[in-house]
Trainee: 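Below is a structure I'd like to ask you about.
This one's a predicted model, so the numbers in the text were calculated from it and none came from an experiment.
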Amino acid sequence: MNAALIMKLISAKSKFSRNHPKFEAFLKSVFSRKIEEDTVIEITVTRPGEAPLTANIKVLQSDLELLEELKELKGLTQ
């Protein structure tokens, strides 16, 4: 990953954190403990004037491996 892209990602992450501090706090709380296999993660999206859409996943071992790789990537951007 080149330095310019890393700086762009850091800037975007900082802006997102400023704009959505409660969401960042939520993520920190969720990820403060290990996510275990069979954990259910659910997300709901509600657009103005539309009914909410909800989906969920049951965490698999392969998902846990992906999360570990993302944590390593995050370490590169700090």
Side-chain angles (χ1 to χ4, degrees):
M1 203 180 274
N2 68 42
L5 180 57
I6 291 172
M7 294 304 293
K8 187 175 180 178
L9 288 171
I10 291 170
S11 176
K13 190 258 185 207
S14 294
K15 184 175 183 179
F16 185 87
S17 296
R18 284 191 309 275
N19 290 340
H20 309 287
K22 290 181 181 179
F23 187 70
E24 183 179 28
F26 167 78
L27 290 178
K28 284 182 180 181
S29 176
V30 167
F31 291 110
S32 68
R33 295 187 14 227
K34 182 178 176 183
I35 299 291
E36 301 172 35
E37 192 170 2
D38 294 329
T39 297
V40 175
I41 299 174
E42 184 172 274
I43 185 168
T44 300
V45 175
T46 307
R47 291 186 175 99
E50 294 183 17
L53 295 171
T54 300
N56 63 54
I57 63 166
K58 184 182 275 191
V59 176
L60 305 173
Q61 182 58 39
S62 60
D63 302 323
L64 296 172
E65 292 165 5
L66 173 61
L67 289 174
E68 283 304 313
E69 290 177 18
L70 291 173
K71 283 184 195 176
E72 290 173 17
L73 181 62
K74 180 183 177 235
L76 295 175
T77 62
Q78 291 182 346

Trainee: Could you tell me the separation between the CG atom of L66 and the NZ atom of K71, rounded to the nearest 0.5 Å?
Mentor: 11.5 Å
Trainee: For the atom pair OG1 (T39) and CG (N56), what is the distance rounded to the nearest 0.5 Å?
Mentor: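 These two atoms lie 12.0 Å from each other.
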Trainee: Does L64 share a hydrophobic cluster with L27, counting links as ILVMFWY side-chain heavy atoms below 4.5 Å and allowing steps through other members?
Mentor: yes
Trainee: List the atom pairs, donor and acceptor, that lie under 3.5 Å between side-chain atoms in residues 5-24 and the rest of the protein, sequence neighbours left out.
Mentor:
from : atom 1 : to  : atom 2 : distance (Å)
K13  : NZ     : E24 : OE2    : 3.1
S14  : OG     : I10 : O      : 3.1
S17  : OG     : K13 : O      : 3.0
S17  : OG     : E24 : OE1    : 3.2
S17  : OG     : E24 : OE2    : 3.2
N19  : ND2    : K15 : O      : 3.4

Trainee: How long is the straight-line distance from CG of L53 back to OG1 of T46, given to the nearest 0.5 Å?
Mentor: 8.0 Å
Trainee: Tell me, yes or no, whether the heavy-atom count around E36 atom CD, taken from other residues, nucleotides or ligands under 6.0 Å, exceeds 12.
Mentor: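 Result for CD/E36: open.
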Trainee: Minimum heavy-atom separation for E37 and V59, please, with both atom names.
Mentor: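 Closest pair (atom of E37, atom of V59, distance): CG-O, 3.5 Å.
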Trainee: Is the closest side-chain heavy-atom distance between E50 and V45 below 4.5 Å?
Mentor: no
Trainee: How far apart are the C-alpha atoms of I35 and V30, what are their side-chain angles, what is the distance that settles it, and do they pass the side chain to side chain contact (heavy atoms under 4.5 Å, CB included) test?
Mentor: CA-CA 8 Å; I35 299 291; V30 167; 3.8 Å; yes
Trainee: Is atom CD1 of I43 surrounded by more than 12 heavy atoms (other residues, nucleotides or ligands) closer than 6.0 Å?
Mentor: no
Trainee: In chain order, what residues pass the salt bridge (charged side-chain N to carboxylate O under 4.0 Å, His left out) check against E65, with sequence neighbours excluded?
Mentor: none
Trainee: With a 4.5 Å cut-off on side-chain heavy atoms, are L67 and D63 touching?
Mentor: no
